[in-house]
Structure formats: structure tokens, C-alpha cells
Amino acid sequence: MATTEVIDPSTGEVFTTVPSLGPEETDLAIDRAQAAFGEWRRVSPGDRARLLRRFADKVEDNIEDLARLEVRNAGHTIGNARWEAGNVRDVLNYYAGAPERLSGRQIPVAGGVDVTFHEPLGVVGIIVPWNFPMPIAGWGFAPALAAGNTVVLKPAELTPLTAIRLGELALEAGLPEGVFQVLPGKGSVVGQRFVTHPAVRKVCFTGSTEVGKSIMAGCADQVKRVTLELGGKSANIIFADSDLDAAAAAAPGAVFDNAGQDCCARSRVLVEASVYEKFLGLFETAVQKFRVLDPKSDLSEMGPLISSGQRATVASYLDGADVAFRGSVPSGDGWWFPPTVLLASSNKDRHWREEIFGPVVSVLPFRDEAEAIALANDTEYGLSGSIWTRDVGRALRVSRAVETGALSVNSNSSVRYWTPFGGMKQSGLGRELGPDALLSFTDVKNVFISTGD
């Protein structure tokens, strides 16, 4: 079997290899998932819930090992990686409560009784990106398993290690063979087979908009369900009446967390013109304090980029750009890139319009509320964003007007597993997380029972 080298982004060194499945191995895994589906869907809701809680307990017992594995594989800071492993645990526990609450309805009709059931789809294929390997995997497989589906999961080629370990922990927790399988390999082989194999009844994909469009087109050929979480170019809108100190202190983490490799990164900062210069001064101070250190350090707030290729792509956005100020990075090997703040001359600048996926942020002033909304919406993306203001009426008006799937006011948060997450426009299709996530992994079956009236 072919193998793939795994590289530590902080050093640029290969430290292990993993299998890379071909078409035949992928088909065999999908066949196993299909064979396991009948048994898994018949597991009683209470027993399915107990197995998911055991899975969560196994993750809890291994949080530190999973976190340290992610630090080495993805270059995440140890603090972030611990949170990410804990998020998998929390999402499993949250959806462990779902099987016993997956209720249909009784609908009043003439001549009988009408009831609905939420039936599992079958095999679900989940394609996970390299930027957040653990949590994004969990957002897919936890509700899919809770709803009674079996899962085949393809991790990114660059970051397969924690997904492989989660697959092992699922078996240790007692999930039956074939119910949850991790299939490392190329997207063009394993991921594409999820799209084309008729036994895979839904595909969940997180990644670029370009690839998402091709997956959506492929799934259309079989009328296959699809959930897409794609690119972003989120706005951080800062009004003059806001707490500028708080907004500026929070802004670096909103875009430089995970080295900017985050679809929700607030990579466009819009500042009301009357406080533009003041905000830039506060922002510069915050950026200079932002700690870019060895990701194994508990003090580190940002690690390296994922690869040399990604670093070259990010660097290309600085060509001809107006660099306001930059942070610092460690010396030595690895794919390091300093936090960088660019001044946009207009909303036509390349670095303002395109998703950079690195620690680079663009800043642009606006005149009034109407222009702020227009600038925020002038993008093909609509995933996340922030609004900073003390005016509650303005917060509500702007929140309703900005075309994006997840917004926070006086905060830069995007994801809570209790609430829906997903994008508008070309940032995606469908919603993950929250109390209704299971429904997207089911079909509604309607049953009418005649009473002979």
C-alpha cells in the first residue's frame, strides 16, 4: 500500500508515514460501512447513546495525547489543541443525548392516524480539512452516528494522525466494526469515491469553495445529499461608539489564531473613519504583544503555517501591498509567518477580496453604518463576522443586514456546538451543530394508518 509522509510544520521535518488508501481499499471500507448499517440502525436509542458517551470518555482520557499529536502534526498551539480535543469530547456528549430525542410527529388527518419518522440515510462520507482536523471531524461524525448512520471519514493528507487515533478510540469504546472508519488518502481518490459511490448517501465537506463546487456537482448526479462549509472573508466592523480598547485587544486573536488558517478569520477590519487612526495605534500595540512561539509552549498564541506551499501563497499577498506593521516569529526552520497588518486602499485590493488563509489582515475605514454594511456584504463569501458597538439598536440592525451565517456582537466567537453553524452565499450549504443537526442526517418518512372511519 502507498504511504504519505507526515511533516512537523514547526521544523519542516518528516516524522512518520501513514497509509494512503487506493480505490479498492476505499470501496472495501464503504462496503463494510454499508454492511454495518443495518445492525447499527437497529441499536436501541439508549444503547447508541451509551456507546457515544463511552466514545466521549475515551477521548477525555486521551485529551493530552491527542493535543500533543495535533501540535506536532498541524502546528497548533498546545492550548488550542487541548481545546480542540475537548471539543470532540463535548460534541460527542452533546449528541449522545440525541438518539432518545429524535422524535417524529403525529399529524391530524381524516380517516386514520398519520405519523412521521426520522430514518437514517445509510453511509455518510465526511471529508475533513487540515486546518482544524479534530473538531470539524467531530461536528460531522457525532450527529451522523447519533442518527443511526455509519461513517467513513477522510482526513486531510497533511493532518491524518488525530483522525486515525479517534477511529481507534471509537473501537475501544465498543462501537461495532465498520460503523466508524477513518480512511487516509488523497482527495482525488478517497474523497472522490465518497462522491461517486452509490452506497454513500451523504457527503459532508469542509474546504475550499472551488473544491466544494465540484463535490456538489458530483453529488447532484446521484441526487446525493451534501453539506458544505467553504471559504470565508469575514468582516470585523468597529463603530466609533464601541469599546475600542476591547475591540483592538481582541482583533489579533480573531484573525491570527491558528496562523490565520481559519475560514471564520476576521481578515477584513472595517473601522469608522473618526476613530481609524486611534484604532490602528491600539491594534499595533496588540499585534506586537501577540505571542508567536514554539507551539508546544503554553504561552504560544500562534504557531506556524501548515506547509511551505501555504507560506509562499500567503507571502504573495504582500507584493505591492501597504504594510502597516508586523509581529515577530521564532528564528530557525519551520513554516513561520509573522502576523501582518495591511492598509487597504479600496475594496478592490486583492488582499481585501481574496481568502488568504494566513496571518494577514486588511484594514479599511468607513463613513457610516450604510457604508459599513455595503463593504461587509461586498464579497462572494458569507461565513462569519463581528460587530463592535454599544448601541443595541445598531447591533440588531447591522446583524440583520450583514449577509453571513454566524455573527457575534462585541465578541469574535463563531462556533458553539449548541448552536447552528454554516455559511451563506459561496461560504457553504446547510448547517452543522446545534439541536437540529441530526435532521440533516435523516430522511423524513410519512406513514398513514387507516382506521376504517
Side-chain angles (χ1 to χ4, degrees), residues 23 26-42 98 102 104-105 107 114-129 136-137 139-154 178-181 183 185-231 380 382 405 420-434 436-448:
T26 302
D27 280 1
L28 285 172
I30 293 171
D31 291 344
R32 287 193 295 270
Q34 177 71 1
F37 171 60
E39 176 186 352
W40 180 243
R41 72 177 299 182
R42 288 191 296 271
L102 190 56
R105 302 173 65 189
I107 303 172
D114 198 275
V115 294
T116 62
F117 301 91
H118 290 284
E119 303 285 11
L121 300 174
V123 181
V124 173
I126 299 172
I127 303 172
V128 179
I136 291 176
W139 301 350
F141 69 67
L145 293 170
N149 303 280
T150 54
V151 170
V152 285
L153 184 147
K154 193 203 88 66
V179 169
F180 176 47
Q181 300 173 80
L183 315 182
K186 293 183 178 180
S188 59
V189 177
V190 179
Q192 184 61 21
R193 195 62 181 126
F194 290 179
V195 173
T196 59
H197 197 297
V200 178
R201 297 310 309 147
K202 178 172 181 176
V203 173
C204 299
F205 171 78
T206 301
S208 72
T209 297
E210 180 183 3
V211 175
K213 288 178 180 179
S214 69
I215 287 174
M216 187 175 180
C219 288
D221 187 58
Q222 296 180 22
V223 196
K224 183 176 297 190
R225 287 157 183 77
V226 62
T227 296
L228 303 173
E229 196 268 278
L230 308 176
E380 63 187 3
F421 174 70
M424 296 180 177
K425 300 191 281 189
Q426 294 195 37
S427 281
L429 183 71
R431 292 294 181 269
E432 298 175 303
L433 301 174
D436 299 328
L438 256 71
L439 302 184
S440 71
F441 293 100
T442 66
D443 266 328
V444 176
K445 178 182 289 182
N446 187 75
V447 177
F448 170 74

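Along the sequence shown, the residues carry numbers beginning at 1. Computation of the quantities below employed the complete heavy-atom set of this structure, encompassing side-chain atoms and omitting hydrogens, waters and symmetry-equivalent molecules.
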- Message: If I compare all heavy atoms of G148 with all of F37, which pair ends up nearest, and what's the gap?
- Response: O-CE1, 3.3 Å

- If every non-hydrogen atom of R201 is compared with every non-hydrogen atom of V223, which pair is closest and at what distance? NH2-O, 3.9 Å

- Item | F205 side chain near M216 side chain, heavy-atom distance below 4.5 Å | no

- Query: Is the backbone N or O of G122 less than 3.5 Å from a side-chain atom of N149, with the two atoms forming a donor-acceptor pair by type?
  - Reply: yes

- Can you measure from OG1 (T150) to CZ (R41) and round to the nearest 0.5 angstrom? 10.5 Å

- Message: Between E432 (side chain only) and G422 (backbone N and O only), is there a donor and an acceptor less than 3.5 Å apart?
- Response: no

- Task: Would you mind reporting whether K186 and K154 have side-chain heavy atoms less than 4.5 Å apart?
- Result: no

- Beyond-backbone contact of P129 with I136, side-chain heavy atoms, under 4.5 angstrom: yes

- Task: Check whether more than 12 heavy atoms from other residues, nucleotides or ligands sit under 6.0 Å from atom CD of E39, and answer yes or no.
- Result: no

- Item | Partner residues of R431 under the salt bridge (charged side-chain N to carboxylate O under 4.0 Å, His left out) criterion, sequence neighbours left out | none

- Query: If you take all heavy atoms of G231 and S427, which pair is closest and at what distance?
  - Reply: O-OG, 2.6 Å

- Query: Taking all non-hydrogen atoms of both residues, which atom of A199 and which atom of I30 are closest, and how far apart?
  - Reply: CB-CG2, 4.0 Å

- Query: Shortest non-hydrogen contact from F441 to P143?
  - Reply: CE1-CG, 3.8 Å

- What orientation do F141 and F180 show, parallel under 30°, tilted 30 to 60°, or perpendicular over 60°? tilted

- So do V200 and V195 actually touch side chain to side chain, heavy atoms under 4.5 Å? no

- Item | Stepwise side chain to side chain contact (heavy atoms under 4.5 Å, CB included) check, H197 with D27 | CA-CA 8 Å; H197 197 297; D27 280 1; 3.5 Å; yes

- Task: Evaluate the side-chain proximity of T206 to V128: yes if any heavy-atom separation is below 4.5 Å, no if none is.
- Result: no

- Query: Taking it one step at a time, do L439 and L102 satisfy side chain to side chain contact (heavy atoms under 4.5 Å, CB included)?
  - Reply: CA-CA 8 Å; L439 302 184; L102 190 56; 4.1 Å; yes

- Query: Which distance, rounded to the nearest 0.5 Å, do you find between the CZ of F194 and the SG of C219?
  - Reply: 11.5 Å

- W40 vs L145, side chain to side chain contact (heavy atoms under 4.5 Å, CB included): CA-CA, chis, key distance, verdict: CA-CA 9 Å; W40 180 243; L145 293 170; 4.3 Å; yes

- Query: What heavy-atom pair brings L183 and A29 nearest, and what distance separates the two atoms?
  - Reply: CD2-CB, 3.5 Å

- Query: Are the side chains of L438 and H118 in touch, meaning some heavy atoms are under 4.5 Å apart?
  - Reply: no

- Any chance the side chains of K202 and S440 put a donor and an acceptor closer than 3.5 Å? yes

- Query: Can you tell me how far OG1 of T227 sits from CD1 of I127, rounded to the nearest 0.5 angstrom?
  - Reply: 11.5 Å

- Item | From L28 atom CG to Q181 atom CD, the distance as rounded to the nearest 0.5 Å | 10.0 Å

- Looking at NZ of K425 and OG1 of T209, how far apart are the two atoms once the value is rounded to the nearest 0.5 Å? 11.5 Å

- Spatial distance of atom CG (L429) from atom CG (L228) [nearest 0.5 Å]: 5.5 Å

